[in-house]
There are 2 protein chains.
Amino acid sequence: MASIKDVAQRAGVSVATVSRVLNASPSVTERTRARVQAVMDELGYRPNAVARSLRTDATNTIGLIIGDILNPFFTELARAVDDEARAAGYSVLIGNADERPEQQDHYVGTLLEQRVDGLLLCPTAEITPLVEDAVRGSRPLVFLDRTLAGLDVPSVRADGSAAIRDLVRHLRALGHRRIAFISGPALLSTGRERTAAFVSALTECGLPVRPEYVEAGDFQAASGRSITARLLDLPEPPEVIFTGDNLMALGALDEIRARGLRVPADVALASYDDVPWFTHLDPPMTAISQPVQELGRLAVRALVDRIGDRPVRSVVLPARLVVRRSCGETGETGESERSGPE
Amino acid sequence: MASIKDVAQRAGVSVATVSRVLNASPSVTERTRARVQAVMDELGYRPNAVARSLRTDATNTIGLIIGDILNPFFTELARAVDDEARAAGYSVLIGNADERPEQQDHYVGTLLEQRVDGLLLCPTAEITPLVEDAVRGSRPLVFLDRTLAGLDVPSVRADGSAAIRDLVRHLRALGHRRIAFISGPALLSTGRERTAAFVSALTECGLPVRPEYVEAGDFQAASGRSITARLLDLPEPPEVIFTGDNLMALGALDEIRARGLRVPADVALASYDDVPWFTHLDPPMTAISQPVQELGRLAVRALVDRIGDRPVRSVVLPARLVVRRSCGETGETGESERSGPE
DNA sequence: AGGCCTTGTGTAATCGATTACACTCCCGAA
DNA sequence: TTCGGGAGTGTAATCGATTACACAAGGCCT
């Protein structure tokens, strides 16, 4: 591939001048600029970003490590991050942790070696040595969707406590009392927070907290299915199953369908995370929707600020309840979506 | 961040020796190796991949440009590519073309500048200058899922002709005669091929080809919806709507639901692409399933072969029909999935 | 003992860009 | 005419790794 030297030689100038043309430096005659540009076009020259980065110590690239690329929540998040980053002049390198700490670390390592200018991380478990390295090595880092306690790292995430309270009230209003929650892993901040919010919402609504109705899955469909099976086999099965993410809802639905049960007549269903196809289920799924676009946008802004050494504060946005019909009919017109009881 | 010099100095050796330790060269005493390694750990040293790549002219990185990151088909594909690439020692940089040629070009450009060792491209439209550059510049390139005629570039893709024929036969057996197809853009090989296969399948089954029943969408949900609306407004609307990808199926479903029609009693529905949640629709969606994992795997192998200057041939895998219930009940037990009529 | 090979390590060139500094014109003011 | 200064360009150091080549030390042969 043609290098800056080839261009310089062919245009009869020095590499410095070519570099100046590349960087639109004002101190180049229009005549020279045009000649160099012509040679570039002729040779199909593209500057070597590797060499440039080595010199400038900036790759104009940020890393994004998501929990699971098959989870539409993360996919939408990646999309939002990508759009915002590109607008800010950065390219995004996506790593898929597949909810496995060692794979997360693999990507943290690779991306650090690639010298990304900053890292957006949806941490998959507890603090790992590599993540500490990243913090120590003072690479700008921002947590997204999930946090890790004990590290001085800003985070951008959504809080679903209010929405979960709205959901429990909604269920209560529909006459449900036995509500089960398939939570996420206690190792994840999102798992813990949602469980805590659920338990306190129950209490607040005067409902008993039954330990056998709360179990942690791993945010993947299979665990949603097996836990649902256990719940339905209980001597007194729950009237409602609320899942901690959209994949586990899918698993729950699998099990319910396999048993020939109907939603919501036999068992009601609700899910954390709202994804496009929830609307098309029968019945459409009541869900808690996170402001995914905003999360992505703000995370990139925060990271770019850190890269530019500007001060950054953590951000928490509210999630909101979207009532559909999977928990039973309200008195209203069924089709229209609306936010939860205010 | 610590560099190789810092390590060398602190360990009292030359940079060459440190480099040898990094590359597990055999000509280093165990004693020296251990000492250097200790210093590396102590400093939290990570080799600078940028510098290394500059010298070795290999980034151990491949680029993958997909059509649309919100489309689960591409998401699964990305997952498969990522897994296989990592197994082969490569990292994957994902670019989202969002089905827009200019954004595709943006990523082709960026990835070429980053000097990826090879490029996997799901081309979004016709040949663009940048893609030609890539071919000219002799960067290894492999087309995935879609091809571009007129370029000497190997491709890995699935052919759905047989599956589409199976589908039309299946529909015919269920008594349907008026079948509409919402195709993909004629600019894409996948769009053209599926349309051609559909038309010839109709003919083969002795069904008339009605021009007003075939229209190209853009592989996104909104177009599926608007074309469905047009089809249903026809004086003689089709009995079946077959969509060229899963997103347009979603759009079609939206429109059908909005009109209060039932599937398959009022209008039957089938889709190209099979995605996890098709099972959970009511009724479960009859679809044509592509061997996504295999496509991803083989594409990476082909690319790695090209990078290693080994000869590569294009691959075409068959897609297959998965009959569910969205086109009507067959005489069989409804729940079990099976391949099309043999 | 002298020559030769092997083994372990160091020296320095190199990859392709950026950029501080130096240099050469050329113009205008004194 | 001379001098100062700005505009345009070139020279060379630099970023952090890899690697060809050189070299020193030690072992073994004759």
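Below, chains carry the letters A, B, ... as their sequence lines are ordered, and counting in each starts from 1. No hydrogens, no waters, no symmetry mates; every other heavy atom, side chains included, goes into these values.
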- Item | Proximity to the side chain of I4(A) - top-ranked nucleotide from dG16(C), dT18(D), dG8(C) | dG16(C)

- Task: Would you indicate which nucleotide in dG10(D), dA17(D), dC15(C) comes nearest to any side-chain atom of K5(A)?
- Result: dC15(C)

- Looking at dT9(C), dA17(D), dG10(C), which one has an atom nearest to any side-chain atom of T32(B)? dT9(C)

- Have a look at S53(B) and say if it touches a base, only the backbone sugar-phosphate, or nothing, with a 4.0 Å heavy-atom cut-off. nothing

- How would you label the contact of N23(B) with the nucleic acid (heavy atoms, under 4.0 Å): base, sugar-phosphate, or nothing? sugar-phosphate

- Message: Taking the minimum atom-to-atom distance to the side chain of S19(A), which one of dT18(C), dT9(D), dT9(C) wins?
- Response: dT18(C)

- Query: Which one, dG16(D), dT18(D), dT9(C), comes nearest to the side chain of R20(B)?
  - Reply: dT9(C)

- Query: OP1 or OP2 of dT14(C) sitting under 4.0 Å from any side-chain N/O of R55(B)?
  - Reply: no

- Query: More 5' along DNA chain C: L54(B) or R33(B), using each one's nearest nucleotide?
  - Reply: R33(B)

- For the side chain of A51(A), starting at C-beta, report the closest nucleotide among dG16(C), dT11(D), dG10(C). dG16(C)

- Query: Of the nucleotides dT19(D), dG16(C), dT9(C), which has the atom closest to the T17(B) side chain?
  - Reply: dT9(C)

- Task: May I ask you to say what S3(A) touches in the nucleic acid, namely base, sugar-phosphate or nothing, with a heavy-atom cut-off under 4.0 Å?
- Result: sugar-phosphate

